[in-house]
Number of protein chains: 2
Amino acid sequence: MPKKLPQKLGYHHGDLRRALIDAATQLVAEGGEGAFTLREAAARVGVSHVAAYRHFADKTALFAALAEEGFRRLRTTQAEAGRELPRGSLARIEALALAYVGFALDDPSTYRVMFGDRLDDGPVPGTEEAQAARARARFPTLDEAVEASFDLLVSEVVAAQEAGTLRAAPPRDLALALWTLSHGYVDLLQKRRIRGDERAKIERHYLRILGISLHGMRP
Amino acid sequence: MPKKLPQKLGYHHGDLRRALIDAATQLVAEGGEGAFTLREAAARVGVSHVAAYRHFADKTALFAALAEEGFRRLRTTQAEAGRELPRGSLARIEALALAYVGFALDDPSTYRVMFGDRLDDGPVPGTEEAQAARARARFPTLDEAVEASFDLLVSEVVAAQEAGTLRAAPPRDLALALWTLSHGYVDLLQKRRIRGDERAKIERHYLRILGISLHGMRP
DNA sequence: ACCTGAACACCGTTCAAGT
DNA sequence: ACCTGAACACCGTTCAAGT
């Protein structure tokens with residue numbers, strides 16, 4: 001007899017898009033990137049898996065939404081980490097860098113989504129310029145979130161240069177050197193190409209590596 | 001009538017393992033990491049796809065074999081790049097670093113396999129120490145190849161320190177700072193989180209970022 | 001020993017159809 | 001507009017069986 005009222009409207013709270021992102025985030029947190037499945041995410045929300053195609057063009061688009069949220073969270077995490085320290089100080093730069101690594105250690109799966117292979121279109125078939133242009137176009141809001149997080153770092157570098165704690169050089173180059181170092185460290189750690197045991201030790205080790213770049217490798 | 005002689009022995013050259021690695025390498029080169037399929041690799045060799053299980057425990061094991069060959073090739077590429085330059089010179093260090101980036105640019109798919117997600121076991125369920133130990137144990141020859149390639153860099157750093165071109169610091173720290181920077185740069189480039197157009201420009205840009213770390217960020 | 005055919009339990013994506 | 005059922009073309013992996 002109960003045949004026509006298995007929750008009709010509002011079945012998925014009215015915001016299926018949001019619910020799918022949350023479910024996918026949870027899946028990734030529980031079982032890593034590989035555990036994120038369109039079918040399973042939809043099942044958790046209590047909806048047929050094809051319903052997802054109403055809000056996302058394909059699985060990659062949902063993936064990109066996760067990555068975008070990750071970059072936004074990264075940005076606020078870094079901003080908060082530096083807030084109390086004097087703007088322009090070396091300690092504040094170090095705190096930002098440490099917050100970056102901390103973010104990746106706290107939520108490794110999200111970090112992997114943010115830098116997942118799925119978000120680039122294979123191995124560059126045509127010219128690299130054309131390819132880069134196309135790749136940028138696919139998820140513009142993701143690109144914005146990435147740039148916003150990078151811009152935070154750039155502005156901090158500028159402040160540090162004005163305070164005389166960082167040397168005069170293109171600020172975007174300095175910021176990129178910092179990002180590159182932090183991302184490289186985290187990625188090598190997560191891929192287990194370098195070893196890491198407990199959190200405190202990793203952080204100390206990272207600060208040592210960071211210090212080398214900050215102070216230079218030359219005598 | 002021809003019913004019992006569809007090439008019995010030597011059907012796969014007698015070295016199916018080798019043939020599968022080559023086929024997989026080709027697939028990856030053609031279509032990226034996602035194009036590598038156990039079934040397709042076996043089909044190219046002309047063998048049923050279950051035959052692969054005779055030589056590899058699972059798909060990941062074949063994947064690890066590709067990564068291992070990649071690290072060996074990386075090592076020889078770097079060794080050759082530095083050979084003619086005076087040992088201990090800054091130019092030689094820079095040549096090694098540039099060869100690293102060049103390797104990744106020349107063969108992006110192999111580089112991605114070398115740092116592929118498949119090679120680590122998800123998002124660290126137990127304690128990180130136990131997990132790291134397990135991960136190390138799974139593909140010991142891969143770990144050896146990784147270490148051999150890192151050791152090359154370390155020995156070059158030591159030579160540079162003895163020549164007085166790099167400052168006195170734990171050589172493994174200096175080497176790791178270099179690796180981290182190079183890998184971070186390449187990875188951000190390949191994931192399109194930073195832009196790159198033509199090869200020459202990328203190399204110049206990378207050398208600028210590298211220079212920042214070499215000379216320090218402090219005034 | 002080495003390889004195969006058939007089957008299993010999954011995927012992402014598409015299509016026609018329901019309300 | 002929003003969702004579903006059924007189907008398609010794939011996967012990796014396992015198992016019993018052939019030579």
Side-chain angles (χ1 to χ4, degrees), chain A residues 2-21 23-24 27-28 30-66 113 116-122 138, chain B residues 2-21 23-24 27-28 30-66 113 116-122 138:
Chain A
K3 212 174 181 185
K4 70 173 309 197
L5 44 143
Q7 286 121 310
K8 259 315 195 2
L9 50 108
Y11 194 60
H12 55 79
H13 323 66
D15 195 349
L16 179 53
R17 188 191 137 88
R18 181 72 255 154
L20 284 171
I21 291 179
L27 285 174
V28 158
E30 288 171 16
E33 189 184 325
F36 159 42
T37 273
L38 226 46
R39 292 174 112 106
E40 179 62 21
R44 292 219 177 178
V45 175
V47 104
S48 156
H49 67 281
V50 295
Y53 286 88
R54 193 65 40 183
H55 297 92
F56 300 98
D58 51 22
K59 185 183 179 180
T60 303
L62 176 46
F63 198 83
L66 294 193
V113 169
D117 282 338
R118 190 173 288 275
L119 293 175
D120 28 282
D121 316 316
R138 169 101 220 242
Chain B
K3 212 174 182 186
K4 68 173 308 199
L5 45 141
Q7 284 122 308
K8 264 307 198 8
L9 51 109
Y11 192 61
H12 56 79
H13 326 66
D15 195 350
L16 179 54
R17 189 191 137 88
R18 181 73 254 155
L20 285 171
I21 291 178
L27 285 174
V28 158
E30 288 171 15
E33 188 184 326
F36 160 41
T37 273
L38 225 48
R39 291 174 111 106
E40 178 62 21
R44 292 219 177 177
V45 174
V47 103
S48 158
H49 67 281
V50 296
Y53 287 87
R54 192 63 42 181
H55 297 92
F56 300 97
D58 51 22
K59 187 183 179 180
T60 302
L62 176 46
F63 198 82
L66 294 194
V113 169
D117 281 336
R118 188 173 288 277
L119 294 175
D120 27 281
D121 316 316
R138 166 103 220 241

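Computed over heavy atoms, backbone and side chain alike; hydrogens, waters and symmetry mates excluded.
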Student: Take atom CG of A:Leu62 and atom P of C:dT13, then tell me their distance rounded to the nearest Å.
Tutor: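 Interatomic distance, CG of A:Leu62 to P of C:dT13: 10 Å.
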Student: With the side chain of A:Val47 defined as its heavy atoms from C-beta on, choose the nearest nucleotide among D:dT13, D:dT4, D:dC11.
Tutor: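 Side chain of A:Val47 sits closest to D:dT4.
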Student: Return whichever of A:Thr60 or B:Ser48 has its heavy-atom-nearest nucleotide of DNA chain C closer to the 5' end.
Tutor: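 The residue closer to the strand's 5' end, by nearest nucleotide, is B:Ser48.
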Student: What is the distance, to the nearest angstrom, from the CZ atom on A:Phe36 to the P atom on C:dC11?
Tutor: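 Between P of C:dC11 and CZ of A:Phe36: 12 Å.
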Student: Nearest-Å distance, CG (B:Leu38) to P (C:dC3)?
Tutor: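 Going from B:Leu38 (CG) to C:dC3 (P), I get 14 Å.
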Student: In Watson-Crick or G-U wobble terms, both distances under 3.5 Å, what is the partner of C:dT19?
Tutor: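 Partner of C:dT19: D:dA1.
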Student: Counting side-chain heavy atoms from CB outward, which of D:dC11, D:dT4, C:dT13 is closest to A:Ala51?
Tutor: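 Of all the options, the side chain of A:Ala51 is nearest to D:dT4.
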Student: Would you compute the distance between atom CZ of A:Arg118 and atom CD of B:Glu33 and round it to the nearest 0.5 angstrom?
Tutor: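 Atom-to-atom, A:Arg118:CZ and B:Glu33:CD are 10.5 Å apart.
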Student: More 5' along DNA chain D: B:Arg54 or B:Ala57, using each one's nearest nucleotide?
Tutor: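 Closest to the 5' end, via its nearest nucleotide, is B:Ala57.
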Student: Expressed as a whole number of angstroms, how long is the span from A:Phe63:CZ to C:dT13:P?
Tutor: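 Whole-Å distance recorded here is 13 Å.
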Student: In whole angstroms, how far is the P atom of D:dG12 from the CG atom of B:Leu27?
Tutor: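 Rounded to whole Å, this separation is 11 Å.
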Student: Taking donor-acceptor contacts at under 3.5 Å, does the side chain of A:His49 reach the base of C:dT13?
Tutor: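 Donor-acceptor pair under 3.5 Å: yes.
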Student: Taking atom C1' of C:dC2 as reference, at what distance in whole Å does atom CG of B:Leu16 sit?
Tutor: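 My rounded result for the distance is 9 Å.
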Student: When you check the gap from the basic side-chain N to the acidic O, do A:Glu40 and A:Lys59 get nearer than 4.0 Å?
Tutor: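 Looking at A:Lys59 together with A:Glu40, the answer is no, because their closest N to O distance does not fall below 4.0 Å.
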Student: From D:dT13, C:dT14, D:dT4, pick the nucleotide closest to the side chain of B:Tyr53?
Tutor: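 Given the options D:dT13, C:dT14, D:dT4, the side chain of B:Tyr53 is closest to D:dT13.
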Student: Is any side-chain heavy atom of B:Val113 less than 4.5 Å from a side-chain heavy atom of B:Phe36?
Tutor: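 They are not in contact (no side-chain heavy atoms under 4.5 Å apart), so the answer is no.
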Student: Atom CD of A:Glu40 to atom P of C:dC10: distance rounded to whole Å?
Tutor: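 Rounded to the whole Å, the gap is 10 Å.
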Student: Roughly how far, to the nearest 0.5 Å, is CG of A:Leu16 from CZ of A:Arg54?
Tutor: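 A:Arg54 CZ to A:Leu16 CG: 10.5 Å, rounded to 0.5 Å.
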Student: With both distances kept under 3.5 Å, what pairs with C:dC8, Watson-Crick or G-U wobble?
Tutor: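 C:dC8 is paired with D:dG12.
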Student: From D:dT14, D:dG12, C:dT14, pick the nucleotide closest to the side chain of A:Val50?
Tutor: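 My answer, after comparing the listed nucleotides, is C:dT14.
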Student: Taking the side chain as C-beta and beyond, is there a heavy-atom pair between B:Leu38 and B:Phe63 under 4.5 Å?
Tutor: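 Side-chain contact under 4.5 Å: no.
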Student: Rounded to whole Å, how long is the line connecting atom CZ of B:Arg39 with atom P of C:dG5?
Tutor: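 Atom-to-atom, B:Arg39 to C:dG5, this comes out as 12 Å.
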